[in-house]
2 protein chains.
Amino acid sequence: MAIISKSSEYGLRAALYIAARPVGDYVSIGEMSQKLGISFHFLTKILQKLTQGGLLKSRRGAKGGIALAKPADTISLLDIVENVDGADLFGGCILGLVGCGVKRPCPLHQHWSRERTRIEAMFRKMTLQRLACETARNQLRLAD
Amino acid sequence: MAIISKSSEYGLRAALYIAARPVGDYVSIGEMSQKLGISFHFLTKILQKLTQGGLLKSRRGAKGGIALAKPADTISLLDIVENVDGADLFGGCILGLVGCGVKRPCPLHQHWSRERTRIEAMFRKMTLQRLACETARNQLRLAD
DNA sequence: TCCAATTAAGACAATGATGTCTTATATTAG
DNA sequence: CTAATATAAGACATCATTGTCTTAATTGGA
Ligand code: FES
Ligand code: FES
């Protein structure tokens with residue numbers, strides 16, 4: 001089951017990696033690529049998207065890298081995955097029918113929409129700030 | 001967000017279609033393919049898998065088709081999606097890390113595993129019987 | 001100024017999921 | 001038996017995602 005795409009996974013892990021660093025730090029993509037075990041060029045593309053989306057900011061050249069564009073408590077996981085995977089990530093029918101909730105619902109709509117709402121709420125509620133905190137306190141991992 | 005694969009979507013829709021018919025009826029793949037708007041050959045492959053998995057049974061030749069292999073109240077949606085997508089469908093890390101729950105957890109594990117369990121429980125609890133009932137009573141749809 | 005480090009951008013390849021087609025096999029009806 | 005109907009099996013094609021590579025542009029420091 002892949003709730004989010006690989007691209008989103010990578011984007012989240014990188015964002016959490018940056019959030020764990022001192023505020024304002026520019027982290028190089030090369031370092032993240034190495035520490036997180038993600039292809040450098042692929043990660044670059046994903047972070048470019050997040051930069052263009054206004055969630056991160058970048059600086060080229062020596063001492064350059066990627067930093068958060070806003071305070072970590074104002075960036076939610078939902079912001080990130082929707083920026084990468086598209087804004088209607090949580091809007092589709094679980095059976096793949098077009099227009100979930102618009103036309104007649106499918107047999108699973110009632111049951112699925114409840115779970116879906118909970119998941120979306122979780123993504124919305126979780127900020128980089130909060131997760132970075134928990135990660136440090138509980139020694140959680142961002143790589144295999 | 002695609003919780004399940006297209007193959008699973010098609011398998012579920014076909015199973016629900018069969019469950020809505022009189023018990024023991026063999027429904028031809030051609031009919032389902034047409035009514036559900038699914039490629040005939042693709043649907044055939046999926047139903048073969050479910051047949052080999054013991055959830056459906058098939059009969060070749062004239063008057064042949066696909067039928068449920070067991071009473072509709074003993075086939076859960078989980079049975080179907082796990083048969084199609086693999087048994088560890090609900091076991092993966094949301095960040096794609098290997099060994100969810102085995103090694104140190106990832107920052108989202110605590111939050112995600114709770115939701116994941118709920119979704120799996122929903123799939124386990126929902127039987128073809130129950131959904132076919134609700135579908136008939138509330139005029140729900142299985143196609144676009 | 002010049003060099004090293006670093007992101008930006010886009011072409012291109014590899015992979016896996018999805019979809020199509022052809023041939024073989026089995027069953028029923030006449 | 002024969003013809004019509006239907007699934008079984010597997011080769012093959014298409015597509016979106018993922019991953020790789022090359023070149024250009026920018027920045028800071030020796
Ligand atoms: S119509 Fe299927 S989940 Fe909403
Ligand atoms: S380790 Fe990431 S969800 Fe379990």
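Lettering of chains follows the sequences in order, A, B, ..., and the numbering in each one begins at 1. Quantities reported herein were computed from a predicted structural model and do not represent experimental measurements.
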Seminar exercise, completed: Ranking Lys63(A) and Ser7(A) by the position along DNA chain D of their nearest nucleotide, the one closer to 5' is Ser7(A)
Between [N] atom [atom2] and [X] atom [atom1], what is the distance in whole Å?
{"X": "Asp85(B)", "N": "dA17(C)", "atom1": "CG", "atom2": "P", "answer": "9 Å"}
{"X": "His41(A)", "N": "dA9(C)", "atom1": "NE2", "atom2": "C1'", "answer": "12 Å"}
{"X": "Lys49(B)", "N": "dT18(C)", "atom1": "NZ", "atom2": "P", "answer": "10 Å"}
{"X": "Lys57(A)", "N": "dT6(C)", "atom1": "NZ", "atom2": "P", "answer": "18 Å"}
{"X": "Ile66(A)", "N": "dA5(C)", "atom1": "CD1", "atom2": "C1'", "answer": "14 Å"}
{"X": "Leu43(A)", "N": "dA8(C)", "atom1": "CG", "atom2": "P", "answer": "11 Å"}
{"X": "Arg13(B)", "N": "dT18(C)", "atom1": "CZ", "atom2": "P", "answer": "14 Å"}
{"X": "Gln34(A)", "N": "dT6(C)", "atom1": "CD", "atom2": "P", "answer": "11 Å"}

For this session: Step by step, work out the salt bridge (charged side-chain N to carboxylate O under 4.0 Å, His left out) result for Glu134(A) and Arg130(A).
Result: CA-CA 6 Å; Glu134(A) 294 182 1; Arg130(A) 171 169 173 184; 3.2 Å; yes
Sidechain-backbone polar pair: [X] side chain, [Y] backbone, donor-acceptor under 3.5 Å:
{"X": "Asp73(B)", "Y": "Thr127(B)", "answer": "no"}
{"X": "Arg124(A)", "Y": "Leu78(A)", "answer": "no"}
{"X": "Arg59(A)", "Y": "Lys63(A)", "answer": "yes"}
{"X": "Arg104(A)", "Y": "Gln139(B)", "answer": "yes"}

Exercise. What is the nucleic acid contact for Tyr26(A), judged by heavy atoms within less than 4.0 Å: base, sugar-phosphate only, or nothing?
Worked result: nothing
For this session: Would you indicate what Gln52(B) reaches in the nucleic acid, counting non-hydrogen atoms under 4.0 angstrom: base, sugar-phosphate, or nothing?
Result: sugar-phosphate
Exercise. On DNA chain C, nearest-nucleotide positions of Phe40(B) versus Gly61(B): which is more 5'?
Worked result: Phe40(B)
Exercise. In terms of side-chain heavy atoms of Lys45(A), which of dG19(C), dA5(C), dA11(C) is nearest?
Worked result: dA11(C)
Problem set entry | Candidates dT28(C), dT22(C), dT18(C) - which lies nearest the side chain of Ser5(B) | dT18(C)
Seminar exercise, completed: Contacted region of DNA chain D by chain B, from 5' end to 3' end of the hits, cut-off under 4.0 Å to heavy atoms, spans dT5(D) to dA11(D)
Problem set entry | Atom pair NE2 (His109(A)) and CZ (Arg114(A)), whose distance is rounded to the nearest 0.5 Å | 10.5 Å
Problem set entry | Passing option when Leu12(A) is tested against Leu142(A), Val84(A), Val81(A), Leu128(A) for side-chain contact (heavy atoms from CB on, under 4.5 Å) | Val81(A)
